[in-house]
Amino acid sequence: GSEMCIRDSSGYRLQLIFIAEKTGTRRNNMKIIGITGGVGAGKSCVLAALKKMCNCDIVMADDVARQIMEKGGILTAKAYELFGENAYNEDGTLNKELLSGVIYNNPSVKKRWELAVHPATNAKIKELILEADAKGRDYIFIEAALLIENNYDKICDEIWYLYADEATRRERLLTERGYSEEKIKTIFKDQLKDDEFRKHCSFVINTGGSFEDTAGQLQNKLEEYKKL
């Protein structure tokens, strides 16, 4: 695949290896669609709806990263190298408390860890794309918080942007997730602005209304593909 460097929100460069090109890797006519949007835009609800509406696989990039970070996975040696003998909890999960402390106090360790995690995550996602294709899926939906920042447009046929205004998302985070105003403010500050999302996405779904309204938009979009 092609290799590219991008600058992430912390300001240092990450090398991301994109391991699936738009052509040449797929045998069937499966569509690869990226799903993105601000925190509280309803991504999990949309993905659950899509799973029922069409013949698809769903990939959550965070879940993929979490799985490959577990003890015994391909990042085990790197975790011990960077974080020491207490890198893992007894249940085999990463010792997040330890990691957070080390990363917070040592930006170079954070950089080295992310340089290992990102390509490994992308390689696993490529495997999942090929598996979905081999199973004869019509779609694979890839959800990632940093879909645009990490240049997932290089592997997706389209990116869908789920939009709900800040007031709606704030209310959801307060009531449904119990976040504090301070935490919400920090999250919103670190996220891409609406115009940035729109610039990189080919389809916008308004998720600020009822679930039925959102589902209707999804159904209409899937019907469009059937006509192609």
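The figures that follow rest on heavy atoms only: side chains count, while hydrogens, waters and symmetry mates do not.
- Lys221 NZ: more than 12 foreign heavy atoms inside a 6.0 Å radius.
- Residues Tyr179 and Lys185 fail the side-chain proximity criterion, which asks for heavy atoms closer than 4.5 Å.
- The shortest non-hydrogen separation linking Ala132 to Ile140 is CB-CD1, 3.9 Å.
- Following chains of ILVMFWY side-chain contacts shorter than 4.5 Å, one cannot reach Leu162 starting from Leu173, and the two form parts of different hydrophobic clusters.
- Between Ile33 and Ile159 there is no side-chain heavy-atom pair separated by less than 4.5 Å.
- Side-chain contact, Gln67 with Asp63: no donor N or O sits under 3.5 Å from an acceptor N or O.
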Check: How far apart are the C-alpha atoms of Asp213 and Gln217, what are their side-chain angles, what is the distance that settles it, and do they pass the side chain to side chain donor-acceptor pair (under 3.5 Å) test?
Finding: CA-CA 7 Å; Asp213 178 60; Gln217 294 174 67; 3.2 Å; yes
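- Taking 4.5 Å as the limit, some side-chain heavy atom of Lys183 sits within range of a side-chain heavy atom of Ile187.
- When the side chains of ILVMFWY residues are joined at heavy-atom separations under 4.5 Å, either directly or via intervening members, Tyr88 and Ile74 end up in a single hydrophobic cluster.
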Note to self: Would Leu174 and Glu181 count as a side-chain contact (heavy atoms from CB on, under 4.5 Å) here? Give the steps.
What the structure shows: CA-CA 7 Å; Leu174 282 169; Glu181 285 281 6; 3.7 Å; yes
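- Counting non-hydrogen atoms of other residues, nucleotides and ligands closer than 6.0 Å to NZ of Lys193 gives a total above 12.
- At least one donor-acceptor pair under 3.5 Å links the side chain of Asn95 to the backbone N or O of Asn86.
- Under the 6.0 Å distance and 45° angle rule, Arg169 counts as a cation-pi partner of Phe188.
- With rounding to the nearest 0.5 angstrom, the CG atom of Asp194 is 12.0 Å from the NZ atom of Lys199.
- How far CD of Glu166 is from CD of Gln191: 9.0 Å, rounded to the nearest 0.5 Å.
- Interatomic distance, SG of Cys156 versus NZ of Lys31, reported as 11.0 Å (0.5 Å rounding).
- Interatomic distance, Leu82 CG to Lys110 NZ, rounded to the nearest 0.5 Å: 14.0 Å.
- To the nearest 0.5 Å, atoms CD (Glu114) and NE2 (His118) are separated by 4.5 Å.
- With hydrophobic clusters built from ILVMFWY side chains whose heavy atoms lie under 4.5 angstrom apart, Ile125 does not share a cluster with Met69.
- Across all non-hydrogen atoms, the minimal contact from Thr121 to Ala61 is CG2-O, 4.0 Å.
- Using a 30° and 60° split on the angle between ring planes, Trp160 and Phe203 fall in the perpendicular class, above 60°.
- At least one donor-acceptor pair closer than 3.5 Å links the side chain of Asn105 to the backbone N or O of Gly101.
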Name every donor-acceptor pair, under 3.5 Å, that has one atom in a side chain of residues 35-53 and the other anywhere in the protein, sequence neighbours excluded.
from: Lys43; atom 1: NZ; to: Gly37; atom 2: O; distance (Å): 2.9
from: Lys43; atom 1: NZ; to: Gly38; atom 2: O; distance (Å): 3.2
from: Lys51; atom 1: NZ; to: Cys56; atom 2: O; distance (Å): 3.0

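- Taking the charged nitrogens against the carboxylate oxygens, Asp57 and Arg137 do have a contact shorter than 4.0 Å, which makes a salt bridge.
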Next item on the list: Would you sort out whether Tyr139 and Ile32 count as a side-chain contact (heavy atoms from CB on, under 4.5 Å), showing the intermediate values?
Entry: CA-CA 6 Å; Tyr139 305 92; Ile32 303 174; over 6 Å; no
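- A donor atom on one side chain and an acceptor atom on the other are found under 3.5 Å apart for Asp165 and Thr168.
- For Asn89 (side chain) and Asp91 (main-chain N/O), no donor-acceptor pair under 3.5 Å exists by modelled atom type.
- For the residue pair Asp138 and Tyr225, no side-chain donor N or O sits within less than 3.5 Å of a side-chain acceptor on the partner.
- Taking every heavy atom of both residues into account, Ala87 and Ala79 meet most closely at CB-O, 3.7 Å.
- The shortest side-chain heavy-atom distance between Leu94 and Arg66 does not fall under the 4.5 Å cut-off.
- Rounded to the nearest 0.5 Å, atoms OG (Ser180) and CD (Glu182) are 6.5 Å apart.
- Under the 4.5 Å side-chain contact rule for hydrophobic residues, Met60 and Ile205 share a cluster.
- Ring geometry for Trp113 versus Phe83: interplanar angle over 60°, hence perpendicular rather than tilted (30 to 60°).
- You'll find the side chain of Phe141 reaches within 4.5 Å of the side chain of Cys54, heavy atoms only.
- Side-chain contact between Val117 and Leu75 is present, with heavy atoms from C-beta onward closer than 4.5 Å.
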Note to self: For a side-chain contact (heavy atoms from CB on, under 4.5 Å) check, start with the C-alpha distance between Ile129 and Ile142, then their side-chain angles and the critical distance, and finish with the verdict.
What the structure shows: CA-CA 9 Å; Ile129 289 170; Ile142 303 172; 4.0 Å; yes
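- By the 6.0 Å and 45° rule, Arg198 stacks over the aromatic ring of Tyr163.
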Notebook entry, point to check: Could you go step by step and tell me if Arg112 and Glu81 meet the side-chain contact (heavy atoms from CB on, under 4.5 Å) rule?
Noted result: CA-CA 11 Å; Arg112 286 164 66 196; Glu81 176 196 328; 2.9 Å; yes
